[in-house]
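Every chain is numbered from 1 and lettered A, B, ... according to where its sequence line falls, protein lines coming before strand lines. Note that these values count all heavy atoms, side chains included, but never hydrogens, waters or copies made by symmetry.
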Number of protein chains: 2
Amino acid sequence: MNIGEAAKLSGVPAKTIRYYDEIDLIKPSGRTAGGYRDYDERAVESLRFVRHARGLGFSVEDCRALLSLYRDRNRASADVKSLTAKHLARIESKIAELESMKRTLQDLTARCQGDDRPDCPILDNLAGPERSRAEARG
Amino acid sequence: MNIGEAAKLSGVPAKTIRYYDEIDLIKPSGRTAGGYRDYDERAVESLRFVRHARGLGFSVEDCRALLSLYRDRNRASADVKSLTAKHLARIESKIAELESMKRTLQDLTARCQGDDRPDCPILDNLAGPERSRAEARG
DNA sequence: CTTGACCTTCCATGAACTGGAAACCTCATC
DNA sequence: GATGAGGTTTCCAGTTCATGGAAGGTCAAG
């Protein structure tokens, strides 16, 4: 099938499918006489697989590894689990980082009047975070 | 002072300071006869300000706006607060997205044996998420 | 044979830097 | 004045994962 249909069936945009071909993540099963990429059901399956993995935040390189495990009948599920655990750890640390930002931002917005006057704890904090809290309290 | 000292005092790498100059975020106060960038205390203050804002996840464009508000004695704190609120909302939605990934990944790793056998709920899920849960239950 | 949809390749862009190469400046020492 | 170390300059490339667009080739229908 043409790239357009593979896109429709897999949910991956044609442009992205070309990109995956370029980086040797998912190659078309062949080319037609006219130079069109040709995809079979197995390729579409891979495209779907990668779409799901990307949706769970796996990097393209992770997807490459996962795809190869997926295609390997002799794989050990431990390898998949370990890859996933590492990814999960990255996600958790990202969440922690964002939560920390969130707390600070919530605290600052709560203390900012948000009126037409210039006084602003948010700017004070950005100008010197080590000082503004103490000042606010003292 | 030279870029190296500005870097030391502000905590922003010299390379990044050059980049901020290039994108007109923070310009050096001048240039020496030899062509070296020259930074004064006010510039260092801006660098610190931007470092803090970046640390809270604000985009460089947000930093540009915040810096201009910081320098504006007639600013309305409402403008700062509104910018911050938008940023906070983006962070919260990012957290929600990551939390959703996290839940799925945790569920999958919990169900994966992680041994030397090929059976793997994680790969099953990636191959077809709409099916694997039902299969697991049914 | 022409239209229109679809496909091709190639190049540019985004976000925010970071690394490295080749050359230049500065200051101290001999 | 030469030399050497260390800081600085500019410019180019690379990172991640696509996405948008231009110029042109292919294909099926009428």
**Request:** Determine whether more than 12 heavy atoms belonging to other residues, nucleotides or ligands lie under 6.0 Å from atom NZ of B:Lys27.
**Result:** yes
Identify all pairs in which a protein N or O lies below 3.5 Å from an N or O of nucleotides 16-19 of chain D, and state each distance.
{"from": "D:dC17", "atom 1": "OP1", "to": "A:Val60", "atom 2": "N", "distance (Å)": "3.4"}
{"from": "D:dC17", "atom 1": "O3'", "to": "A:Arg54", "atom 2": "NH2", "distance (Å)": "3.3"}
{"from": "D:dA18", "atom 1": "OP2", "to": "A:Tyr20", "atom 2": "OH", "distance (Å)": "2.9"}
{"from": "D:dA18", "atom 1": "OP2", "to": "A:Arg54", "atom 2": "NE", "distance (Å)": "2.6"}
{"from": "D:dA18", "atom 1": "OP2", "to": "A:Arg54", "atom 2": "NH2", "distance (Å)": "3.4"}
{"from": "D:dT19", "atom 1": "OP2", "to": "A:Thr16", "atom 2": "OG1", "distance (Å)": "2.7"}

**Prompt:** Do any pairs count as a ring-ring contact (aromatic ring centres under 6.0 Å, His included) and have a residue in residues 94-124 of chain A, sequence neighbours left out, and if so which ones?
**Reply:** none
**Message:** With ring-ring contact (aromatic ring centres under 6.0 Å, His included) as the rule and sequence neighbours excluded, what pairs involving residues 87-108 of chain A come up?
**Reply:** A:Phe58-A:His87
**Complete:** Applied to residues 93-117 of chain A, the ring-ring contact (aromatic ring centres under 6.0 Å, His included) test, sequence neighbours excluded, yields none
**Item:** Start and end of chain A contact along DNA chain C [non-hydrogen atoms, under 4.0 Å]
**Value:** C:dC6 to C:dT9
**Request:** Give me the residues of residues 32-49 of chain B where at least one heavy atom lies under 4.0 Å from an atom of DNA chain D, by number, or none.
**Result:** B:Gly35, B:Tyr36, B:Arg37
**Asked** What's the spacing between B:Ile3 CD1 and B:Thr16 OG1 if we round to 0.5 Å?
**Response** 9.0 Å
**Item:** Rounded to 10 degrees, the angle between the two terminal axes of the helix from C:dC1-D:dG30 to C:dC30-D:dG1, each from five pairs
**Value:** 40°
**Request:** Could you check if a side-chain atom of B:Thr84 sits within less than 4.5 angstrom of a side-chain atom of A:Leu108, using non-hydrogen atoms only?
**Result:** no
**Prompt:** ring-ring contact (aromatic ring centres under 6.0 Å, His included) with A:Tyr70: which residues, sequence neighbours excluded?
**Reply:** A:Phe49
**A:Ala6 to A:Ser10 - nearest heavy-atom pair and separation** = O-OG, 2.7 Å
**Request:** Would you list the pairs meeting salt bridge (Lys or Arg N to Asp or Glu O under 4.0 Å) in which at least one residue belongs to residues 54-74 of chain B, sequence neighbours left out?
**Result:** B:Glu45-B:Arg71, B:Glu61-B:Arg64, B:Asp62-B:Arg90
**Item:** Heavy-atom closest contact (B:Leu98 atom, A:Ile91 atom, distance)
**Value:** O-CG2, 3.8 Å
**Item:** ring-ring contact (aromatic ring centres under 6.0 Å, His included) partners for A:Tyr20, two or more places apart
**Value:** none
**Item:** B:Glu5 CD to D:dG6 P, straight-line distance once rounded to whole Å
**Value:** 18 Å
**Request:** With sequence neighbours excluded, tell me which residues meet side-chain hydrogen bond (donor to acceptor under 3.5 Å, both in side chains) with B:Arg37.
**Result:** B:Asp21
Donor-acceptor pairs are to be reported for all side-chain atoms of residues 112-123 of chain A against protein atoms at under 3.5 Å, with residues two or more places apart or in another chain.
{"from": "A:Asp115", "atom 1": "OD1", "to": "A:Arg117", "atom 2": "N", "distance (Å)": "2.9"}
{"from": "A:Asp115", "atom 1": "OD1", "to": "B:Ser77", "atom 2": "OG", "distance (Å)": "3.2"}
{"from": "A:Asp115", "atom 1": "OD2", "to": "A:Arg117", "atom 2": "NE", "distance (Å)": "2.9"}
{"from": "A:Asp115", "atom 1": "OD2", "to": "A:Arg117", "atom 2": "NH2", "distance (Å)": "2.6"}

**Protein-nucleotide distance (B:Lys8, atom NZ; D:dG6, atom P), rounded to Å** = 14 Å
